Amino acid sequence: MKTGSGGRSGKRFVVVGGGVTGCVLAERIKQRHPDSAVTLLEGSSTLGGLSVRSEPDPIGWDRFYHVVTPQDVMLIDWLRRLGVDDRLRWRGAHTGFYADETLHRFDTPLDFLRFPPLNLVDKGRLGASILYASRISDGTPLWNITASDWLRKISGDTVYRKFWEPLLRAKLGSAHQDVAATFIWSTIRRLYATRQAEGRREAFGYISGGYAPVFTAAEHYLSRLGVTVRKSAPVEHISDGPDGSTRIRTRDGSELLADRVVYTGPSRFLPKLCQEMSVPESLLTRAHQLRYLGVLCMVVKLTRAFCPYYVLNLTDPGLPFTGVIGLTTLVDPVETGGHHLVYLPRYLPDDDADFDKPDEAFVEPFLSALERIGSRRGFRRDEILLTKVFRSRFVSPIAVLGYDKLRLPIPLVPSRLYLLNTGRILGGTLNNSQMIEEAERGLDEILA
Ligand SMILES: Cc1cc2nc3c(=O)[nH]c(=O)nc-3n(C[C@H](O)[C@H](O)[C@H](O)COP(=O)(O)OP(=O)(O)OC[C@H]3O[C@@H](n4cnc5c(N)ncnc54)[C@H](O)[C@@H]3O)c2cc1C
């Protein structure tokens, strides 16, 4: 079946991928070119991508955990456009460290001074290095040094081992050795800004109902704008079409012709998707070689709160997950049926053999470790109502040394095929607001 995509007075745009990036791109393209036909193709049965709700299982929240900060201005503005900004709830959230079999609070300068794994000299070095990092305004030179070398240089070996390495491992798993210093520098800057705003104490927020109502609103909003939204439409081939057009074929065999296509999924799929298209070989090789960071995340539903921290950092490298996210210390448990949710993420590179293991393989090691961490608080297994493992192998490219040069350009085939995905982020942590910013910034190139 071949379907045209609207009249020829305006251009035909196809956006592939209905996560936040694809939704914002489709919106902005339609707004800038109202007479164009804009189609959004999403492979799964709901919009939302990695922010999507966990359904139909009874976890009753997003598959992965999401926090909103006051710095997420692009996200907050998008929620306002969708008419769901009244769902934002601002709360305080606490951070802790699990070290030496004990939970330590890590919120205030006083907690920091009390933090037992570091002595006073180490604490001085750590404080000074955070201040130093937060004052660097241009992170470009930091692409040439690994985060571990740089942090050792500015904080010393002990502080690296006891503080930075556990944090890096929490965010990157076994890939933490390879990442460039830019990653940690931009993370420090983001957290530092959040802490500065925390004079108000309400520096963290969540969306009531999670991301499900946001993407329901996004679908209605896009339809009202005149964007055609097609779900359960995984794109399998992008190829050269007639008269300089581009042909998009979905799994059910439907074909669509477009003047411009924007792909927002993982770059690693590009070589297969575009094998019949004239994308420069050098770009496809680069796309193939990018190492991705993925995540395995167990959600545990509990009858009572596990600990008072939204983020519990772990210093013990032997634990099978890289952090404990106490979602319902931030999200009101009323939202999750009076139950408590803990997320146990394990970040790992896409080629890690653990991705090939079945979900059951993680249950016993994860729950034993949870028991160990919670033992002093009297945590018992019979508090567990449900567990569920979610995974995504290709979340975002690992910010390795020189990634600023390896990053793929937005135009893959100028005037025809464009790429705007999580690989745009140079350093720093992936988040929805940042992706909206990248989408807005990339529009000029896509529409040029
Ligand atoms: C563990 C974890 C924690 C996170 N925490 C936060 C947080 O606290 N705050 C925050 O703001 N963000 C957070 N995020 C990030 C957020 O969830 C999104 O991952 C991010 O914003 C990227 O959005 P995206 O639209 O670029 O990509 P994705 O969300 O990956 O969306 C891409 C979409 O493209 C679709 N697609 C791919 N290929 C095809 C194809 N061939 N055909 C059709 N469709 C296709 C996919 O199905 C998907 O829907 C977190 C992510 C993870 C994994």
Side-chain angles (χ1 to χ4, degrees), residues 14-26 39-53 62-69 71-72 74-76 78-79 93 170-173 190 194 204-207 210-211 214-215 218 229-238 248-252 254 256 261-270 272-274 292-299 310-311 321-323 325 327 330-331 343-348 390-397 419-425 428-439 442:
V14 168
V15 177
V16 180
V20 67
T21 308
C23 288
V24 169
L25 283 170
T39 304
L40 178 67
L41 298 177
E42 166 54 43
S44 63
S45 58
T46 49
L47 297 184
L50 292 166
S51 306
V52 88
R53 192 183 178 84
D62 304 337
R63 277 179 209 183
F64 301 112
Y65 45 93
H66 292 94
V67 66
V68 182
T69 74
Q71 286 72 49
D72 291 343
M74 303 301 273
L75 172 68
I76 295 167
W78 185 56
L79 297 177
K171 284 279 174 203
L172 300 155
R190 186 167 190 252
T194 308
F204 296 92
Y206 71 94
I207 299 165
Y211 268 93
V214 174
F215 283 96
V229 179
R230 280 179 55 197
K231 296 176 287 182
S232 303
V235 171
E236 293 201 327
H237 292 285
I238 302 175
I248 301 108
R249 194 160 78 236
T250 52
R251 188 170 298 158
D252 64 1
S254 308
L256 208 66
V261 178
V262 192
Y263 173 72
T264 69
S267 304
R268 279 285 285 280
F269 299 154
L270 280 170
K272 188 152 184 273
L273 270 177
C274 301
Y292 259 78
L293 186 71
V295 69
L296 275 163
C297 186
M298 181 184 285
V299 190
Y310 177 69
V311 177
F321 39 82
T322 49
I325 310 297
L327 185 92
L330 175 67
V331 173
Y343 286 62
L344 307 174
R346 173 192 180 116
Y347 289 92
L348 60 183
F390 297 105
R391 52 179 88 203
S392 176
R393 204 171 190 136
F394 300 103
V395 173
S396 54
L419 174 71
L420 211 149
N421 63 8
T422 57
R424 288 310 301 160
I425 296 180
T429 313
L430 171 66
N431 66 78
N432 281 324
S433 202
Q434 182 72 43
M435 284 315 303
I436 296 173
E437 195 177 324
E438 300 294 345

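Atoms within each ligand, like the ligands themselves, are counted from 1 in listed order. Note that the coordinates shown come from a computational prediction; the quantities given were computed from them, not determined experimentally.
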Distance-only polar pair, side chains of Asn431 and Ser433, donor-acceptor under 3.5 Å: no
Ligand 1 contact on Asp72 by region, counting heavy-atom pairs under 4.0 Å: neither
From CG (Leu420) to CE (Met435), nearest 0.5 Å: 6.0 Å
Per-atom contacts, ligand 1 versus Pro234 - under 4.0 Å to a heavy atom: 42 (N), 43 (C)
Gly19 neighbourhood, listing ligand 1 atoms whose heavy-atom distance to it stays under 4.0 Å: 25 (O), 31 (O), 33 (C), 49 (O)
N/O donor-acceptor pair under 3.5 Å between Thr322 side chain and Pro345 backbone: yes
Per-atom contacts of ligand 1 with Met435, taking only distances under 4.0 Å to non-hydrogen atoms: 21 (O), 22 (C), 26 (O)
Which segment of Tyr347 sits under 4.0 Å of ligand 1 when only heavy atoms are counted: side chain
Which atom of Tyr211 lies closest to which atom of Ser51, heavy atoms considered: CB-O, 3.1 Å
Electrostatic pair Arg249:Glu236 at N-O distance under 4.0 angstrom: no
Contact atoms of ligand 1, heavy-atom distance to Thr422 under 4.0 Å: 22 (C), 26 (O)
Nearest-neighbour protein heavy atom for atom 39 (C) of ligand 1, which is reported as residue plus atom name and distance: Val16 CG1, 4.1 Å
Under 3.5 Å: donor-acceptor pair, side chain of Thr264, backbone of Val16: yes
N or O pair under 3.5 Å between Gly22 and ligand 1: no
Any N or O of Leu75 closer than 3.5 Å to N or O of ligand 1: no
Heteroatom proximity flag, Ser433 to ligand 1, N/O under 3.5 Å: no
Residue and atom name of the nearest protein heavy atom (relative to atom 17 (O) of ligand 1), distance in Å to one decimal: His66 NE2, 2.8 Å
Close-contact set for ligand 1 against Leu41 heavy atoms, below 4.0 Å: 43 (C), 44 (N)
Atom 11 (O) of ligand 1 - nearest protein heavy atom and its distance: Asn432 N, 2.8 Å
Atom 47 (O) of ligand 1: the protein heavy-atom neighbour that sits closest, reported with distance to 0.1 Å: Glu42 OE2, 2.7 Å
Protein contact to atom 43 (C) of ligand 1 [nearest heavy atom, distance to 0.1 Å]: Gly43 N, 3.2 Å
Which residue and heavy atom of the protein sit nearest atom 36 (N) of ligand 1, plus the separation: Gly17 CA, 4.0 Å
Closest approach of any protein heavy atom to atom 24 (P) of ligand 1, naming residue and atom: Thr21 OG1, 3.3 Å
Pro266 N/O under 3.5 Å from ligand 1 N/O: no
Protein heavy atom at shortest distance from atom 37 (C) of ligand 1: Gly265 CA, 3.7 Å
Under 4.0 Å to a heavy atom of Gly49 - the qualifying atoms of ligand 1, by number: 29 (O), 31 (O), 48 (C), 49 (O)
